[in-house]
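Take a look at the structure set out below.
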Amino acid sequence: MGFERCTRWNQDGAWTRLNLGDTDPETGRAYTGPPQDARLAPGERVIADEAGMLDQDTARALLAVTQRAGATVALVGDQAQLPAVGRGGVLDMAAQIRGRVYDMTELHRFADPDYAALTLAMRDREDPGGVFDRLAAMNLVTLHADDAAAREHIAGCAQDGGAITVATNDQASELNERIRALRVERGGVDDTATATGRDGLPIGAGDLIQTRRNDSALGVANRQQWIVQQVTDDGTVYAREAGSGRKHPRTVALPADYVGEHAHLSHAATAYGVQGATVGTAHILLSEATSAAGVYVGMTRGREQNRLHIIAADMSDARAQFVEVPATRRADTRLLTTAPTG
């Protein structure tokens with residue numbers, strides 16, 4: 001980005017800058033400038049989607065780069081969804097400090113207009129008991145006796161083009177293992193040639209995986225989803241991008257070492273893993289680790305249906321659990337005192 005200067009995070013998470021002629025520590029060669037398609041021109045606009053997950057350090061870096069290039073920034077996101085992993089609150093601060101703010105007033109994702117209206121109440125978190133009652137009246141709440149029963153039921157509901165949301169990575173791994181076993185039994189996944197992901201689970205042709213580290217050389221991004229096409233004898237995973245909407249989806253080759261460190265099964269994922277996705281049918285499993293933002297994200301992925309799963313003795317117990325889901329803590333707002341280093 002920029003003109004003749006390269007600005008980026010290094011492997012240690014520090015903000016660095018390279019000038020023309022500097023030795024690039026990643027390549028060992030002299031830096032000759034950014035490629036043409038990575039140059040920002042005066043007057044261009046950078047759109048940051050899912051900006052509620054933008055942390056303050058990255059926001060400062062983005063603003064510094066665009067200001068130097070004479071470009072502008074548009075932040076697009078939902079303040080009620082998941083916050084940044086680091087210091088957040090960027091959307092709140094941007095709205096307070098300067099710029100134009102546009103609030104969307106129409107919902108286009110959901111097939112049922114009544115459910116679309118209910119998601120607004122879910123977003124506001126003002127009457128969780130009333131929201132649960134309406135979900136129950138729509139027959140969108142499923143009760144389970146215990147974790148094993150919930151996992152087995154949800155695994156049986158897994159389908160291509162759907163989303164399953166859980167609260168923790170451990171829950172995702174357990175559910176992914178069971179979903180994969182069922183898909184192998186049904187012939188949807190080839191278990192004869194596999195690689196091993198960062199979750200320790202095998203990956204074969206037919207599996208849905210998620211990459212967890214940006215790598216421009218490989219052509220992959222963090223939390224991007226891929227459908228595995230082939231696994232070679234040396235563990236290389238050939239995969240086609242999922243959910244891109246492209247007429248001709250891209251295919252990438254992921255080396256075994258990348259897969260082992262930075263890729264994992266994604267039949268089920270945390271709310272951070274599904275935020276931004278739009279699917280036909282979605283399921284979310286409520287647990288003690290689930291936040292209100294997590295519920296909101298998990299229950300708004302599906303166009304046709306969004307189903308809530310709760311381990312509870314009865315509907316009264318399930319309602320009490322839903323009402324007690326904690327609201328997400330408001331993010332840190334010290335943007336103006338946070339600056340990138342390097």
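Just so you know, residue 1 is the first one in the sequence shown, and it goes up from there.
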For R109, all residues meeting side-chain hydrogen bond (donor to acceptor under 3.5 Å, both in side chains), sequence neighbours excluded:
T278
Set of residues satisfying side-chain hydrogen bond (donor to acceptor under 3.5 Å, both in side chains) with respect to D190, sequence neighbours excluded:
T192
For D234 and T236, run side chain to side chain donor-acceptor pair (under 3.5 Å): C-alpha distance rounded to whole Å, both residues' side-chain angles, the deciding distance at 0.1 Å, then the answer.
CA-CA 6 Å; D234 65 359; T236 300; 2.9 Å; yes
Are I164 and L208 co-members of a hydrophobic cluster defined by side-chain heavy atoms under 4.5 Å apart?
no
Grouping I, L, V, M, F, W and Y whenever their side-chain heavy atoms are under 4.5 Å apart, do V295 and L285 come out in a common cluster?
no
Ignoring hydrogens and geometry beyond distance, is a side-chain donor-acceptor pair present between H309 and H144 at under 3.5 Å?
yes
Whether the T251 and R240 side chains hold a donor-acceptor pair (N or O, under 3.5 Å, no angle test) is what I'd like checked.
no
Nearest-0.5 Å distance that lies between atom CD1 in I227 and atom CD in E241
10.0 Å
Euclidean distance, I179 CD1 relative to L175 CG, rounded to 0.5 Å
4.0 Å
Exactly one of L254, T194, V228 should register a side-chain contact (heavy atoms from CB on, under 4.5 Å) with I203. Which one does?
V228
Pair T211, R223 - check side chain to side chain donor-acceptor pair (under 3.5 Å), show working.
CA-CA 5 Å; T211 48; R223 297 199 182 279; over 6 Å; no
Exercise: identify the closest heavy-atom pair between N176 and S266:
OD1-C, 3.8 Å
Residue pair A150 / I311: nearest heavy atoms and the distance that separates them
CB-CG1, 4.1 Å
Determine, step by step, whether H264 and N169 satisfy the side chain to side chain donor-acceptor pair (under 3.5 Å) criterion, reporting the C-alpha distance in whole Å, the side-chain angles of both residues, the deciding distance to 0.1 Å, and the verdict.
CA-CA 11 Å; H264 59 74; N169 289 325; 6.0 Å; no
Report yes if some heavy atom in the side chain of I209 is under 4.5 Å from a heavy atom in the side chain of Q225; otherwise report no.
no
